[in-house]
Amino acid sequence: MSPVAIERLLLKGPTTAELEKFVAANTFPLIEGSRLTFVWRGAADAVYLRHFIYGLSTGTAFERVEGTNFWHLTLELPDRSRVEYKLDIHRDGKNKWIQDPLNKNLAHDPFGANSVAQSHGYERPEWTFPDPEARLGSIEEMRFMKTPFGGSRRVSVYVPARFRPQRRYPLLMIHD
């Protein structure tokens, strides 16, 4: 198996300028076959990838390039995989989970959004596309001022075609 781009870069003992050039020249996570490389640039005492991959620890530590604020982690994932994750940044005795600033691919849920990594060969499942034979519903925005999560929350509610507010329904699906 050939070395991934980050391994080739680190063998050179890169300067800060070379690390910045590497980040500017790539999209992240960097996909190379079954390996994905995640990168964090910033001050930290430790950085972890927080994910929900069955069979792997939920927190995997990044490595820092000595003398820099460049952190990296390479994982092997099966082809056609999709993973939601956050970066857990530890600094000055505190930690904060954040979306990956180098990855604009997001998935939204009722608690906010997660960064999304897709391994080589990933294709969006057919069932996620609109059915051309189904009647279109609509999405209505609602805002709850007080929530158990603290503060207000914006919620999108899917209203099916032919929905009648005066009729009782057994189930209402909420998607955010």
Side-chain angles (χ1 to χ4, degrees), residues 23-42 44 47-60 62 71-91 94-176:
V23 170
N26 292 287
T27 57
F28 293 93
L30 181 60
I31 302 167
E32 297 176 282
S34 62
R35 293 181 276 188
L36 277 70
T37 298
F38 300 85
V39 167
W40 160 256
R41 291 176 56 216
V47 178
Y48 295 89
L49 182 74
R50 297 293 179 188
H51 54 79
F52 307 99
I53 303 171
Y54 180 76
L56 295 179
S57 168
T58 59
T60 307
F62 280 55
W71 297 77
H72 63 94
L73 169 66
T74 300
L75 290 178
E76 276 207 42
L77 292 177
D79 282 351
R80 300 181 307 278
S81 296
R82 177 187 178 278
V83 176
E84 293 186 26
Y85 69 96
K86 284 201 166 129
L87 301 181
D88 182 6
I89 311 301
H90 290 242
R91 186 170 183 204
K94 298 177 184 172
N95 73 307
K96 184 175 184 178
W97 288 29
I98 65 168
Q99 295 162 5
D100 185 344
L102 296 176
N103 181 1
K104 302 298 181 221
N105 194 9
L106 299 176
H108 298 271
D109 65 29
F111 304 102
N114 295 313
S115 297
V116 176
Q118 299 164 342
S119 69
H120 176 73
Y122 175 80
E123 291 182 24
R124 185 173 157 190
E126 187 177 319
W127 60 265
T128 65
F129 291 99
D131 181 346
E133 295 181 25
R135 291 178 188 237
L136 293 178
S138 62
I139 296 179
E140 294 185 13
E141 301 291 324
M142 299 177 71
R143 187 164 196 90
F144 295 93
M145 300 314 287
K146 278 181 106 175
T147 70
F149 309 112
S152 64
R153 288 275 192 223
R154 183 185 56 81
V155 176
S156 301
V157 177
Y158 173 74
V159 180
R162 296 184 175 179
F163 175 80
R164 302 293 173 258
Q166 50 285 61
R167 184 173 172 206
R168 294 187 80 166
Y169 294 92
L171 176 65
L172 179 63
M173 299 295 290
I174 298 177
H175 179 273
D176 182 42

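Below, all heavy atoms of this structure are taken into account, side chains as well, without hydrogens, waters or symmetry copies. This structure is a prediction, so every number in the text was calculated from the model and none was measured.
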message = Working to the nearest 0.5 angstrom, can you tell me the gap between I98 CD1 and I89 CD1?
response = 4.5 Å
query = Tell me, do T58 and Y48 make a side-chain contact under 4.5 Å, heavy atoms counted?
reply = no
request  = To the nearest 0.5 angstrom, please state how far the CD atom of Q118 sits from the CD1 atom of I31.
outcome  = 7.0 Å
remark   = Tightest non-hydrogen contact, residues D79 and S119, listed as C-OG, 3.6 Å
request  = Mind checking side chain to side chain donor-acceptor pair (under 3.5 Å) for R50 and listing every partner two or more places apart, or none if nothing turns up?
outcome  = D88
query = When you check the side-chain N and O atoms of Y85 and N103, is any donor under 3.5 Å from an acceptor?
reply = yes
request  = Could you tell me whether E84 and R82 make a salt bridge, using a distance below 4.0 angstrom between a side-chain N and a carboxylate O?
outcome  = yes
note = Distance col, row E32:CD vs N26:CG, nearest 0.5 angstrom, shows 7.5 Å
task = First locate atom NE2 of H51, then atom CZ of F38, and finally report the distance between them rounded to the nearest 0.5 Å.
result = 8.0 Å
Tell me which donor-acceptor pairs under 3.5 Å the side chains of residues 128-135 have, and how far apart each pair is, sequence neighbours excluded?
unit_1, atom_1, unit_2, atom_2, d
T128, OG1, R124, NE, 2.7
T128, OG1, P125, O, 2.7
D131, OD1, E133, N, 2.9

inquiry  = Can you give me the closest heavy-atom contact between V47 and W71, atom names plus distance?
reply    = CG2-CD2, 3.7 Å
task = Specify the closest pair of heavy atoms between F62 and L49, including all atoms of both residues, with the distance to one decimal.
result = CE1-N, 3.6 Å
request  = Take S115 and L106, measure what side chain to side chain contact (heavy atoms under 4.5 Å, CB included) needs, and give me the verdict at the end.
outcome  = CA-CA 5 Å; S115 297; L106 299 176; 4.1 Å; yes
message = Heavy-atom count check: over 12 atoms from other residues, nucleotides or ligands less than 6.0 Å from E141 CD?
response = yes
ask   = Side chains of T74 and R35: is there a donor and an acceptor less than 3.5 Å apart?
value = no
request  = For side chain to side chain contact (heavy atoms under 4.5 Å, CB included), just list the numbers for W40 and L73, CA-CA rounded to whole Å, side-chain angles, deciding distance to a tenth of an Å, and then say yes or no.
outcome  = CA-CA 9 Å; W40 160 256; L73 169 66; over 6 Å; no
ask   = ring pair (Phe, Tyr, Trp, His ring centres under 6.0 Å) with H120: which residues, sequence neighbours excluded?
value = none
message = Check whether K96 reaches the backbone of L87 with its side chain - one donor and one acceptor, N or O, closer than 3.5 Å.
response = no
message = Tell me whether R80 contacts the main-chain N or O of P78 through its side chain, where contact means a donor paired with an acceptor under 3.5 Å.
response = no
Distance in Å, R153 CZ paired with R143 CZ, rounded so as to fall on 0.5 Å steps = 10.0 Å
